[in-house]
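So the structure is just underneath, and the comments pick up after that.
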Amino acid sequence: MGVMGDSIQVQKGLEGVVADTTAVSLVDGENGRLYYRGRPIEALIKHTFAEVLHLVVFGELPDRERLQEVEEYLWNAGRLPPELATSLRELARHGEHPMATLQAIAPLLALEPPAVSLGRSPLEEEGLIVAARLPAAIALIHAALEDHSERPYPSSRRYGERFLQLMHGVTPTPEQVTAFEVTQILQLDHSFNAGTFAARVVSSTLAPPSSALSAAIGALYGPLHGGADQHALEMALEVGSPQQAESFVANCLATGRLVMGMGHREYRVVDPRARVIRATAQQIAKSGQPKQLFEVLVAIDEAFVEQTRTRKRALRANLEFYKGVVYLALDIPKELFTACFAAARIFGWVAHVVEQRQDNRLIRPTALYVGPPPQPA
Ligand SMILES: CC(C)(COP(=O)(O)OP(=O)(O)OC[C@H]1O[C@@H](n2cnc3c(N)ncnc32)[C@H](O)[C@@H]1OP(=O)(O)O)[C@@H](O)C(=O)NCCC(=O)NCCS
């Protein structure tokens, strides 16, 4: 449907539009708070990633027994069936950006369901299979891009340990596992962001969950959304030293170039995830390039805040700004940052796909028609 007329207000970017209800997460943009199922992220980062994804997907933190069951499921379901691995290997060899490869493969990741099940609805199980297989898919793309041999499937049931072992073939330190899982926890869900909304739009058409997840990966890829993580780090590389930060920011603001990792549609104060991730980055980036880039980012952050001080709407670092330093310190190449983001956010997407379908109505907004006047038939 389209409409015509002068009095109609168009909400560009759907800003401020309340499109539906959700019980998954709450973004309190005025006060800079983020809650999953009512629990603040500052408390949740003390838990493991598997515990928090359980909260996001199933609505409550698991007890010990349930946690073991879910960890066992993720370990089992997370192993790529051989034929799927072959298809992915061939796709990855084309050298496309990992997010393009992941978007292409996502619907296929649900094929050949594992022998294990969590006894959920077929809709939810399909989403969980894709989510469980994403780390192995990312590690396989990594191996293809870097031309190194694929790692054997690790026996660890701990999500972060297995992920890093899949990537690097060595057992990470407890500090590395914690830094990785904290980062992943912060990325689990964020209400009706573009990727999640894309997933809900597709799900509202009754398309399979794997198609909804594929669409969400496509949306997350964009530099205004998840892709900002890679772009923020590339910006730090371009700036090179803290001394260059002030003139770089001034130049960006004078020419309309975006400073990647800054600003947010919802937050009017500091993004609470950015505060945690900055501290994590500082802790883990102890030396070498990660430490140096962290210092460059701090200088860009300070210069940006100073030079945008008089704006009515405060612009501050978002989650993407310091995240790359954490990933880089964990030896994850920048081309895989957004894919690692997807590996966490996909659990939020699964929760939203399920929520959408529990009380579904086709998502189909209206446009104000501004084309040539309609002609007689
Ligand atoms: C996140 C983002 C898309 C939010 O966009 P939005 O809600 O549409 O905000 P607007 O574009 O209306 O921003 C308001 C003003 O701040 C400016 N602004 C916003 N983010 C900026 C940034 N990162 N660098 C420079 N200027 C920025 C806009 O140009 C605009 O200026 P104007 O009023 O002179 O036109 C935007 O801040 C951005 O592009 N940030 C960089 C990409 C990024 O980090 N994305 C990850 C988000 S988690």
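For the numbers below, each heavy atom of this structure counts, side chains included, while hydrogens, waters and symmetry mates do not. Each ligand, and each atom within it, is numbered from 1 in the order the structure gives. Since the model is a prediction, treat every value here as computed from it, not as a measurement.
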Among all protein non-hydrogen atoms, which one is nearest to atom 14 (C) of ligand 1, and what is the separation to 0.1 Å?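 Looking only at protein heavy atoms, the one closest to atom 14 (C) of ligand 1 is R313 NH1, 4.2 Å.
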Among all protein non-hydrogen atoms, which one is nearest to atom 27 (C) of ligand 1, and what is the separation to 0.1 Å?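 For this ligand atom, the closest protein heavy atom is L258 CD2, 3.8 Å.
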I'd like to know if [atom] has any protein heavy atom within a distance of less than 4.0 Å.
| atom | result |
| --- | --- |
| atom 37 (O) of ligand 1 | yes |
| atom 22 (C) of ligand 1 | yes |
| atom 33 (O) of ligand 1 | no |
| atom 2 (C) of ligand 1 | no |
| atom 29 (O) of ligand 1 | no |
| atom 11 (O) of ligand 1 | no |
| atom 8 (O) of ligand 1 | yes |

Give yes if a backbone or side-chain nitrogen or oxygen of [X] is under 3.5 Å from a nitrogen or oxygen of ligand 1, and no if not.
| X | value |
| --- | --- |
| E320 | no |
| R257 | no |
| A228 | no |

Kindly indicate whether a cation-pi arrangement holds for R66 with F58, taking the cut-offs as under 6.0 Å to the six-membered ring centre and within 45° of the axis.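 Yes; both conditions hold, so R66 lies above the ring face of F58.
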Using a 4.0 Å heavy-atom threshold (strictly under), name the region of [X] that reaches ligand 1: side chain, backbone, both or neither.
| X | result |
| --- | --- |
| F304 | side chain |
| P223 | backbone |
| H225 | backbone |
| R311 | side chain |

Consider only side-chain heavy atoms of I, L, V, M, F, W and Y, link residues closer than 4.5 Å, and tell whether M99 and L91 are in one cluster.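 Same cluster.
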Cluster question for you: counting only ILVMFWY and a side-chain heavy-atom cut-off of under 4.5 Å, with indirect links fine, are V56 and Y35 together?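 As far as the 4.5 Å side-chain criterion goes, Y35 and V56 are not connected within one cluster.
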Looking at every non-hydrogen atom in both residues, tell me the closest pair between E181 and G160 and how far apart they are.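 Looking at all heavy atoms of both residues, the shortest contact is OE2-N, 2.8 Å.
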Restricting to non-hydrogen atoms, name the atom on D189 and the atom on G348 that form the minimum distance, rounded to 0.1 Å.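 Looking at all heavy atoms of both residues, the shortest contact is OD1-CA, 3.5 Å.
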How long is the gap from OG1 on T280 to CD1 on I45, to the nearest 0.5 Å?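 So the gap between those two atoms works out to 6.5 Å.
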Determine whether the aromatic ring centres of residues H264 and H190 are separated by less than 6.0 angstrom.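 Under 6.0 Å, so yes.
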Could you check whether W75 and Y159 have their ring centres less than 6.0 Å apart?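 When the ring centroids of Y159 and W75 are compared, they turn out to be at least 6.0 Å apart.
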Using a strict cut-off of 4.0 Å, indicate which atoms of ligand 1 neighbour a heavy atom of G261.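 Counting from 1, the qualifying ligand atoms are 43 (C), 44 (O).
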Is the ring pair F192/F197 parallel, tilted or perpendicular, if the boundaries are 30 and 60 degrees?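 Ring orientation, 0 to 90° scale: tilted.
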Hey, looking at [atom], which of [options] has the closest heavy atom?
| atom | options | result |
| --- | --- | --- |
| atom 4 (C) of ligand 1 | R265, K323, K312, M262 | R265 |
| atom 24 (N) of ligand 1 | V259, L224, L253 | V259 |
| atom 19 (C) of ligand 1 | V249, T308, L315, N318 | L315 |

Could you give me the CA-CA distance, side-chain angles and deciding distance for L297 and F321, then say whether side chain to side chain contact (heavy atoms under 4.5 Å, CB included) is met? CA-CA 8 Å; L297 285 169; F321 194 74; 3.6 Å; yes
Please determine whether side chain to side chain contact (heavy atoms under 4.5 Å, CB included) holds for the pair W349 and I217, giving the CA-CA distance in whole Å, both sets of side-chain angles, and the decisive distance to 0.1 Å. CA-CA 10 Å; W349 294 334; I217 291 170; 3.7 Å; yes
Do E234 and K334 touch side chain to side chain, with heavy atoms closer than 4.5 Å?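 Answer yes - side chains close enough.
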